[in-house]
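Written out below as structure tokens is the structure these notes cover.
Computed from a prediction, not measured in an experiment: that's the story for all the values here. Worth knowing before you read on, the calculation uses all heavy atoms, side chains too, and leaves out hydrogens, waters and symmetry mates. Note that ligands are numbered from 1 as they come in the structure, with each ligand's atoms numbered from 1 the same way.
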Amino acid sequence: MDPLLIAGGGIGGLAAALGLARNGSRVTVLERASALGEIGAGIQLGPNAFRAFDALGVGDAARRMAVYIDRLRLMDAVSGEEIVHIPLDAPFRERFGNPYAVVHRGDLHGVLLQACRDDPAIALRVKSEVVSYEQDANGVTATLSSGERLQGVALVGADGLWSKVRAQVVGDGAPRVSGHTTYRSVIPTERMPEALRWNAATLWAGPKCHVVHYPLSGWKVFNLVVTCHNDAPEPLAGKPVSAEEVHAGFRHTHERVQSIIRHGSDWKAWVLCDREPVLRWTDGRVALLGDAAHPMLQYFAQGACMALEDAVCLANAVAVGRDDIAGALLSYNEQRVLRTTRVQLQSREIGQHIYHPAGAHAALRDSLMRAKDANAWLDTLEWLYGGPQAESPANARVKIARA
Ligand SMILES: Cc1cc2nc3c(=O)[nH]c(=O)nc-3n(C[C@H](O)[C@H](O)[C@H](O)COP(=O)(O)OP(=O)(O)OC[C@H]3O[C@@H](n4cnc5c(N)ncnc54)[C@H](O)[C@@H]3O)c2cc1C
């Protein structure tokens with residue numbers, strides 16, 4: 001039988017390959033780049049990501065490389081004071097069955113890649129850009145930019161924000177440019193101001209800007225991500241920029257915030273994009289996964305977590321629906337779409353109402369957020385960190401008509 005084809009060897013594509021192979025499929029991953037890897041430094045992982053790692057058989061390896069922070073901390077970037085923090089200690093872990101952690105993207109991708117390399121049912125190909133597909137009752141043919149054509153039993157488009165597979169499945173044009181520019185840097189821990197070396201994912205929220213930092217790689221470095229709502233009109237990914245450009249968006253913030261930014265170097269800029277959620281991301285034997293299916297702003301720190309959950313759900317749906325692969329893919333779509341839609345939409349809302357407000361809007365945020373105790377925060381986060389099975393209308397299955 002032909003293998004199942006996956007376009008894209010990022011976190012989502014590799015996780016899908018692992019899940020599908022574990023459940024009995026033969027898989028070929030087709031990656032556009034000339035090497036498999038990840039750019040960018042840190043990534044936050046909610047308890048739901050660890051549940052997915054366990055299902056994919058890489059739970060122990062993933063837990064070994066993580067830094068376990070002890071709180072999520074929200075600071076006011078203008079006054080320099082704490083607004084609220086959410087403890088991530090025993091009650092959090094007991095409630096959600098798993099920790100909250102931060103990891104280096106390269107380490108995370110490396111764990112998934114090693115597990116794929118160790119699995120004889122998975123073939124990994126680089127320099128293999130999928131540009132289009134055709135399908136009939138017997139299978140899918142993926143065409144690469146080289147002109148090569150590959151046969152598969154199905155095709156999963158895990159090819160990210162600018163997915164070529166999505167262009168054919170959904171056809172909704174270019175992503176939406178948010179107008180928010182994110183600058184990333186990494187600070188050696190000894191250069192981070194000593195008083196701010198917190199074991200926390202810290203977010204400084206200010207008018208039209210915010211700063212996030214957390215320790216990484218066994219506390220060797222701090223990951224620094226600073227974002228400005230500067231109405232940037234064009235998408236941008238990983239462009240080197242000057243420290244001067246970064247500082248310009250933060251002159252109105254507290255000296256503590258500016259002192260962190262001053263320690264950044266080798267800044268790179270991204271203009272953030274997402275898309276409007278869509279109900280259907282399958283077309284017969286073809287399905288989308290991760291950012292290709294539901295790209296979101298990073299404000300919930302859940303894009304990769306959602307891709308991991310997608311991978312587990314897809315693998316389970318294919319395992320039970322092997323005789324009707326199009327039906328299995330549709331079932332996966334039906335199980336995932338409300339949950340990912342909620343994360344997409346709320347990621348935007350968080351940016352507007354928590355990360356970037358000013359004046360009365362910010363004062364209202366502070367008042368509402370301070371009114372909740374730790375238990376109330378756990379209740380608020382149950383639908384998300386409790387995993388796809390958590391009781392919530394947003395985690396329900398929706399019926400999608402078969403085309
Ligand atoms: C600043 C920032 C911070 C973030 N922080 C977090 C966080 O803390 N926690 C979290 O969970 N998420 C976070 N995210 C989101 C997360 O990075 C993404 O959601 C996740 O990486 C998506 O994985 P993916 O595999 O779907 O797509 P991608 O990582 O984009 O991978 C797509 C892969 O497909 C390849 N490809 C592209 N086109 C083709 C093609 N036509 N054919 C073959 N291959 C192709 C690409 O080269 C790439 O390897 C953040 C995002 C940003 C921008």
Hey, does Q44 come in under 3.5 Å of ligand 1, counting only N/O atoms on both sides? yes
Residue, atom and distance of the protein heavy atom nearest atom 23 (O) of ligand 1 read G12 N, 4.1 Å
Listing, residues 218-225 side-chain donor-acceptor contacts under 3.5 Å, not counting sequence neighbours, or none:
unit_1	atom_1	unit_2	atom_2	d
N223	OD1	G42	N	3.1
N223	ND2	Y214	OH	3.0

Closest protein heavy atom (residue, atom, distance) for atom 26 (O) of ligand 1: D291 N, 2.9 Å
Do any nitrogen or oxygen atoms of V130 lie less than 3.5 angstrom from nitrogen or oxygen atoms of ligand 1? yes
Just to verify, which of W270, Y299, Y355 counts as forming a side-chain hydrogen bond (donor to acceptor under 3.5 Å, both in side chains) with H180? Y299
Among all the protein's non-hydrogen atoms, which is closest to atom 11 (O) of ligand 1, and how far away is it? A304 N, 2.9 Å
Could you check whether any side-chain N or O of N333 sits under 3.5 Å from a backbone N or O of L279, counting only pairs where one atom can act as donor and the other as acceptor? yes
Among all the protein's non-hydrogen atoms, which is closest to atom 35 (C) of ligand 1, and how far away is it? E31 OE1, 3.3 Å
Looking only at side chains, do S146 and E129 share a donor and an acceptor under 3.5 Å apart? no
Close-contact set for ligand 1 against L30 heavy atoms, below 4.0 Å: 43 (C), 44 (N)
Could you check whether K127 pairs with E148 (Lys NZ or Arg NE/NH1/NH2 to Asp/Glu carboxylate O, under 4.0 Å)? no
Less than 3.5 Å apart, any donor N or O on the side chain of E134 or T141 sitting next to an acceptor on the other? no
Should M296 be listed as contacting ligand 1, given a heavy-atom distance under 4.0 Å as the test? no
Indicate the atoms forming the closest heavy-atom contact of H109 with L36, along with that distance. CE1-C, 3.9 Å
Check this for me: does any side-chain nitrogen of one of R63 and D54 sit under 4.0 Å from a carboxylate oxygen of the other? yes
Does W198 have R71 sitting over its ring (NZ/CZ under 6.0 Å from centre, angle to axis within 45°)? no
Write out the residue and atom name of the closest protein heavy atom to atom 39 (C) of ligand 1, then the distance separating them to 0.1 Å. D159 CB, 3.4 Å
Which atoms from ligand 1 have a heavy atom of I11 less than 4.0 Å away? 25 (O)
Answer side chain, backbone, both or neither: which part of Q298 comes under 4.0 Å from ligand 1, heavy atoms only. side chain
Does the side chain of E391 come under 3.5 Å of the side chain of N395 through a donor N or O and an acceptor N or O? no
Under 3.5 Å: donor-acceptor pair, side chain of E31, backbone of G8: no
Atoms of ligand 1 under 4.0 Å from any heavy atom of G10, numbered from 1 in the order shown, are 25 (O), 31 (O), 33 (C), 49 (O)
Would S128 count as a contact residue for ligand 1, given that I'm defining contact as a non-hydrogen atom of the residue lying under 4.0 Å from a ligand atom? yes
For ligand 1, which atoms, with element, lie under 4.0 Å from some heavy atom of A158? 32 (C), 33 (C), 34 (O)
To check your reading of the model: name the closest protein heavy atom to atom 2 (C) of ligand 1, its residue, and the distance in Å. R184 NH2, 3.2 Å
E38 neighbourhood, listing ligand 1 atoms whose heavy-atom distance to it stays under 4.0 Å: 29 (O)
Quick one: nearest non-hydrogen protein atom to atom 7 (C) of ligand 1, plus distance? I43 CG1, 3.3 Å
Considering only protein heavy atoms, which is closest to atom 14 (N) of ligand 1, and at what distance to one decimal place? R105 NH2, 3.6 Å
Does any N or O of ligand 1 fall below 3.5 Å from an N or O anywhere on G290, backbone included? no
Testing D231, T227, N230 one by one against T181 for a side-chain hydrogen bond (donor to acceptor under 3.5 Å, both in side chains), which residue passes? N230
May I ask you to list the atoms of ligand 1 that are less than 4.0 angstrom from any heavy atom of C305? 11 (O)
